[in-house]
Amino acid sequence: MPRSLASRRSAEGRIKRLAWLADSGSLNMVEITSEPIDIPALLAAAGSPRAGAVVLFLGTTREWTEGRRTAWLDYECYDAMALQVLSELEAEARERWQLENCEIVHRVGRVNIGEPSVAIAVSSAHRQSAFEAGQWLIDRLKVVAPIWKKENWSEGGGEWVHPGLNLS
Amino acid sequence: MPRSLASRRSAEGRIKRLAWLADSGSLNMVEITSEPIDIPALLAAAGSPRAGAVVLFLGTTREWTEGRRTAWLDYECYDAMALQVLSELEAEARERWQLENCEIVHRVGRVNIGEPSVAIAVSSAHRQSAFEAGQWLIDRLKVVAPIWKKENWSEGGGEWVHPGLNLS
Amino acid sequence: MKVRVRLFAVARELSSCDSLEIELPEGSTIGDLRAAVAKRVPAIQEILPGVMFAIGTSYASNKTPLEPDAEVACIPPVSGG
Amino acid sequence: MKVRVRLFAVARELSSCDSLEIELPEGSTIGDLRAAVAKRVPAIQEILPGVMFAIGTSYASNKTPLEPDAEVACIPPVSGG
């Protein structure tokens with residue numbers, strides 16, 4: 001189905017990218033990166049003369065979670081599977097909604113307070129589709145993508161976040 | 001209710017801005033501008049260490065509308081009332097959802113294909129509020145803000161868009 | 001009394017006019033103003049039933065009374081966003 | 001047969017190990033592997049009932065059979081986003 005497929009690894013071997021041009025000529029891109037997410041580049045890639053709406057979602061690191069102060073987060077992922085899962089989510093979003101472009105970038109490594117750990121940009125002719133697809137993508141990403149975060153607290157120490165797992 | 005209120009006019013007299021700091025200390029800003037919308041600045045202002053989510057909506061100029069090719073759009077507004085209405089929408093969004101920051105910028109004058117005519121950025125602790133408020137704000141803006149667009153077609157000529165008005 | 005009426009978008013273009021001063025009897029309403037504008041500017045007579053009016057920066061209904069020197073805006077159906 | 005199991009997040013930290021090689025009888029399933037890992041790495045025994053496994057890049061159930069040299073990943077509950 002993909003017309004072209006590219007995967008690259010930076011000099012440090014820490015950036016991985018999987019992109020394809022769908023048959024419609026519009027762009028699908030998923031990326032896992034250890035560098036700050038380039039939001040202007042993402043929005044530029046998401047835009048299209050056929051799009052009347054672009055919705056961007058940023059997941060950012062909160063300083064306070066249930067009364068505990070976070071100093072920073074560490075994200076880890078199973079990279080090959082995470083790229084695969086994110087690509088499948090994009091493909092499914094395109095089946096469910098009429099989208100122009102769709103981009104997902106997730107950071108790994110250390111993410112400071114206020115910085116985005118994930119960015120999803122979706123464009124569509126009419127805004128309802130972009131809003132719905134954006135929300136669906138982040139909802140699904142949080143359930144199925146093999147990515148984990150560790151909260152590192154200001155008071156020292158830290159803990160991997162594994163919802164439902166009994167870590168005694 | 002606003003703790004501080006500022007309105008400025010650029011040298012050309014074409015930028016108007018109305019901003020206030022809500023009692024919570026978070027930022028509300030509405031702006032009408034004749035210059036390209038500064039998206040990175042908008043996102044920076046929308047971010048907050050208390051926010052886990054930022055949702056940005058961009059309304060962009062489509063090239064094709066019902067088989068007719070648009071060359072560019074012109075936007076006109078009743079500026080004092082538009083700023084007032086947008087401020088009221090922000091205040092109402094804050095009553096309906098628990099938001100951190102909320103920003104609305106609308107362009108006036110000529111807007112080219114692919115450029116955003118409106119940008120709405122909303123941040124909140126949890127993403128559902130930011131998505132819902134962002135969608136509600138653009139839905140309401142389109143119904144109540146005294147702003148008008150004129151489609152200018154590639155083949156020449158143009159027409160003001162006035163939904164429901166019988167322009168014979 | 002006099003009220004000032006600002007015109008926008010198609011109303012401004014059809015009338016070739018940004019703003020009008022309209023003379024009305026004391027106690028007139030937005031409804032009376034609507035009729036007076038239709039009479040004064042035939043070019044926008046046809047669209048006036050479909051426009052809203054605002055006094056200052058607030059939408060007003062046909063029943064809203066006008067004060068002398070009111071600043072009124074004629075608001076055709078909006079298309080921002 | 002041998003399968004390789006990659007460990008992530010809390011599983012990696014508790015076991016102080018990124019990856020394991022596990023020897024299993026031919027015809028073993030993910031369920032058999034889960035039991036074998038619990039036996040081999042007591043440090044993660046307690047969390048293993050709550051983790052998923054993937055073969056290659058696809059989630060697998062306990063009934064999924066394993067091929068020799070399968071690349072398996074142990075996926076604790078995810079928290080990306």
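Hydrogens, waters and symmetry mates are skipped; everything else that's a heavy atom, side chains included, is used. Residue numbers start from 1 in every chain, and the chains themselves are labelled A, B, ... in the order their sequence lines are given, proteins ahead of strands.
For C:Val78 against B:Lys142, the heavy-atom pair with the smallest separation is CG2-O, 3.4 Å. Nearest heavy-atom pair, B:Leu165 versus C:Gly50, reported as atom, atom and distance to 0.1 Å: CD1-CA, 3.7 Å. Of all non-hydrogen atoms in C:Ala73 and B:Tyr78, the two that sit nearest each other are CB-CE2, 3.3 Å.
Of the listed residues (B:Ile147, B:Val161, B:Leu73), just one forms a side chain to side chain contact (heavy atoms under 4.5 Å, CB included) with C:Ser79, and that residue is B:Val161.
In this structure, CD in B:Glu159 is found 10.5 Å from CD in C:Glu13, a value given to the nearest 0.5 Å. The line from CD1 of C:Ile47 to NE2 of B:His162 is 6.5 Å long, rounded to the nearest 0.5 Å. To the nearest 0.5 Å, atoms CD1 (C:Ile55) and CE (B:Met81) are separated by 10.5 Å.
Annotation: B:Glu92, atom CD; neighbour count of heavy atoms from other residues, nucleotides and ligands within 6.0 Å is above 12.
Ranked by heavy-atom pairs under 4.5 Å with chain C, the list B:Gly164, B:Ala82, B:Ala145 is led by B:Ala145. For the options B:Tyr75, B:Phe57, B:Trp160, heavy-atom pairs under 4.5 Å to chain C are most numerous at B:Trp160.
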(message) Under the criterion side chain to side chain contact (heavy atoms under 4.5 Å, CB included), I'd like the reasoning laid out for B:Lys150 against C:Val10: C-alpha separation, chi angles, the key distance, then a yes or no.
(response) CA-CA 9 Å; B:Lys150 184 179 187 173; C:Val10 79; over 6 Å; no
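With B:His106 contributing its side chain and C:Gly80 its backbone, the two residues share no donor-acceptor pair below 3.5 Å. Under the 3.5 Å distance criterion, the side-chain polar atoms of B:Trp148 are left unmatched by any main-chain donor or acceptor of C:Phe8. Looking only at distances, a side-chain donor or acceptor of B:Glu76 sits under 3.5 Å from a matching main-chain atom of C:Ala9.
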